[in-house]
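Taking it in order: structure first as structure tokens, then the write-up.
Just so you know, these numbers use all the heavy atoms, side chains as well, and skip hydrogens, waters and symmetry mates. Numbered from 1 within each chain, the chains take letters A, B, ... in sequence-line order.
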Protein chains: 2
Amino acid sequence: MNQLYHVREFAQLAGVTVRALHHYDRLGLLKPSRTQAGYRLYYLRDLERLEQIVALKFLGIPLKQIRMMFHRGTNGMSESLRMQRRVLEEKRQLLDSAIRAIEEAEKATAPGNRPDSAILKKIIEVIEMQDNMDWSKKYYSEEAQARIEERKNLWSPENQERWTKEWTDLFRDVEAVLGEDPASAKAQALAARWKKLVEGFTGGDPQITAGLGKMYQDRPNWPANMQQRMQPFSNKKVWEFIQKALAAGKATN
Amino acid sequence: MNQLYHVREFAQLAGVTVRALHHYDRLGLLKPSRTQAGYRLYYLRDLERLEQIVALKFLGIPLKQIRMMFHRGTNGMSESLRMQRRVLEEKRQLLDSAIRAIEEAEKATAPGNRPDSAILKKIIEVIEMQDNMDWSKKYYSEEAQARIEERKNLWSPENQERWTKEWTDLFRDVEAVLGEDPASAKAQALAARWKKLVEGFTGGDPQITAGLGKMYQDRPNWPANMQQRMQPFSNKKVWEFIQKALAAGKATN
DNA sequence: GATCAACCCTGACGTAACGTCAGAGTCAAG
DNA sequence: CTTGACTCTGACGTTACGTCAGGGTTGATC
């Protein structure tokens, strides 16, 4: 009844390797008795313990922590599991976004069966997008996030390139007239171009506009790569000039 | 224009650590130029390469493989990504089942707020279940799998325990009458109990019954722990006796 | 009793992607 | 010339074992 098992037998019984049993032994997770010669001997009741180890390991809990859990008895087990579930859910988020990145890149490059170099570019683009979306979330209300999600279909690579060019041009043009009157016709034309570009992103939605404002106010806390990308548009005089021009425009209307 | 960066600067620019850059350098993934003194110097164009590395790493591709991909040029990139997507999807399967295991165990133990020891038992139960379902899938048709999924809500721990007991009792009873006539009333009564128990699982569905048959035929290929669990029911004489009894029952009907 | 195959043991190194010192050199400023 | 801020390399640590390597143990056979 109280059958004894050698490592090999016990390992097969439980579906693990001999080396794993050695490992658990050394870590103090499952210490079998020994023969005179030092051979490991497992009892059937050790199987229960081993199954627990395997199960917790399957949940992604590190062996050291499993040992601690056994050590402290079963108290706190459900708490540990709650925490582990959160850990796993976060991992799943990352996995999902990696998978989505590949999927979207495949979708975007498949139609033309473009050269392989294009897909890597697309991957980077998609990942950066996800990054930005994830980070900029905190500035927008739930509703604004949903609206942005809807408007995302406008963000084709072509459009993005066009917008970047238009913003760059506009900035250059504004910098050229910084000395002039913000209420002048020239300045008003520039302000109109600015407004149109902003609306190209917000779609006129006030919630999105509000979020965008919060994001702009918080620019000291932007991550480094974001600041880097925004550097061409960092000239504060330009922003102030446009502020005044927009105000002047409103005043005369 | 062709700005030079020291490690620290370059690392911050790209959002990685200095140590990571050292690492990529040693692995030959991104080898910067050096000053006389041996300091690493990065050009802006190195940033592109680094971004590619980070992106591929985000997708879970090991650095060595990334190096190979760069080495072979971009050819085969999309193929690698297809493969990687499959790898990631498999990982997600595992993650999902781990999360589901915790969720189900929490759900099952929450109502009574049972002692912590119960939840671990439940976890093991759920994982074993998933294991079995996953493995036994290959014996059943799509339709049968769906039917089984529906009938799963009957598999409460209580029911499972009851079924195990009934099967054990039935086996004992059959073994006691192995010498008698399979057509006898006693044998027919046992055959009826047998049939009822089988139908308790199949629900009378012919597709499930067919899958169950295939599974039984393939028992030499069952995994070790399954064979272990089925050992109490391995007496072939019992199976043969029931076969004959069921056949006899059909013949007389 | 010797031998042989089949097991078993421990110890050491390898894996992936860096983190974390430790000891030592470099650079610009005061 | 010192000081503080950087940088370098090398070595060890991390996780959960896999994979030898060198060396005992056991039970069966000759």
Does B:R86 form a salt bridge (charged side-chain N to carboxylate O under 4.0 Å, His left out) with B:E89? I'd like the steps, not just the answer.
CA-CA 5 Å; B:R86 277 188 220 114; B:E89 277 162 358; over 6 Å; no
Is the CD atom of A:E48 crowded by more than 12 outside heavy atoms at less than 6.0 Å?
no
When the ring centroid of B:Y42 is compared with that of B:F10, is the distance short of 6.0 Å?
yes
Within 45° cone of B:Y43 ring axis and under 6.0 Å: B:R45 NZ or CZ
yes
To the nearest angstrom, the CZ-C1' distance between B:R26 and D:dT7 comes to 14 Å
What donor-acceptor contacts under 3.5 angstrom involve side-chain atoms of residues 26-41 of chain A, with partners at least two apart or in another chain?
from, atom 1, to, atom 2, distance (Å)
A:K31, NZ, A:D25, O, 3.1
A:K31, NZ, A:D25, OD1, 3.3
A:S33, OG, A:L41, O, 3.2
A:R34, NH1, A:G38, O, 2.8
A:R34, NH2, A:D25, OD2, 3.0
A:T35, OG1, A:A37, N, 3.2
A:T35, OG1, A:G38, N, 3.3
A:T35, OG1, A:Y39, N, 3.0
A:R40, NE, A:D25, OD2, 2.8
A:R40, NH1, A:H22, NE2, 3.3
A:R40, NH2, A:D25, OD2, 3.3

Between B:Y216 and B:W239, what is the ring plane arrangement, given parallel below 30°, perpendicular above 60°, and tilted in between?
parallel
What's the CZ-P distance between A:F58 and D:dC17, to the nearest Å?
14 Å
Do A:R82 and A:E79 pass the salt bridge (charged side-chain N to carboxylate O under 4.0 Å, His left out) test, and can you show the C-alpha distance, the side-chain angles, and the key distance before you say yes or no?
CA-CA 5 Å; A:R82 246 194 306 284; A:E79 180 53 26; 2.8 Å; yes
Side-chain contact check for B:Y39: nearest option of D:dC6, D:dA16, D:dC17 is D:dC6
To the nearest angstrom, how far is A:R40 atom CZ from D:dT26 atom C1'?
17 Å
Looking at A:Y24, does any N or O in its side chain come under 4.0 Å of the phosphate oxygens OP1/OP2 on D:dA16?
no
Spacing between B:R34 atom CZ and D:dT7 atom P, to the nearest angstrom:
12 Å
Length of the line joining B:H6:NE2 and D:dC8:C1', which is rounded to integer Å
12 Å
Which residue lies toward the 5' end of DNA chain D, A:K57 or A:A37, if each is placed at its nearest nucleotide?
A:K57
Take atom CG of A:L56 and atom P of D:dT15, then tell me their distance rounded to the nearest Å.
17 Å
Write down the distance between NZ (A:K64) and P (D:dA16), rounded to a whole number of angstrom.
9 Å
Would a distance-only check, ignoring hydrogens and angles, find a side-chain to backbone donor-acceptor pair under 3.5 Å from A:E9 to A:H6?
yes
Crowded around B:K107 NZ? As in, over 12 foreign heavy atoms under 6.0 Å?
no
Please list residues of residues 14-23 of chain A whose heavy atoms come under 4.0 Å from any atom in DNA chain D, ordered by number; otherwise none.
A:T17, A:R19, A:A20, A:H23
Interface limits on DNA chain C, where chain A has a heavy atom under 4.0 Å of a nucleotide atom:
C:dC7 to C:dA12
In whole Å, I'd like the distance from the CD1 atom of A:I53 to the P atom of D:dT15.
17 Å
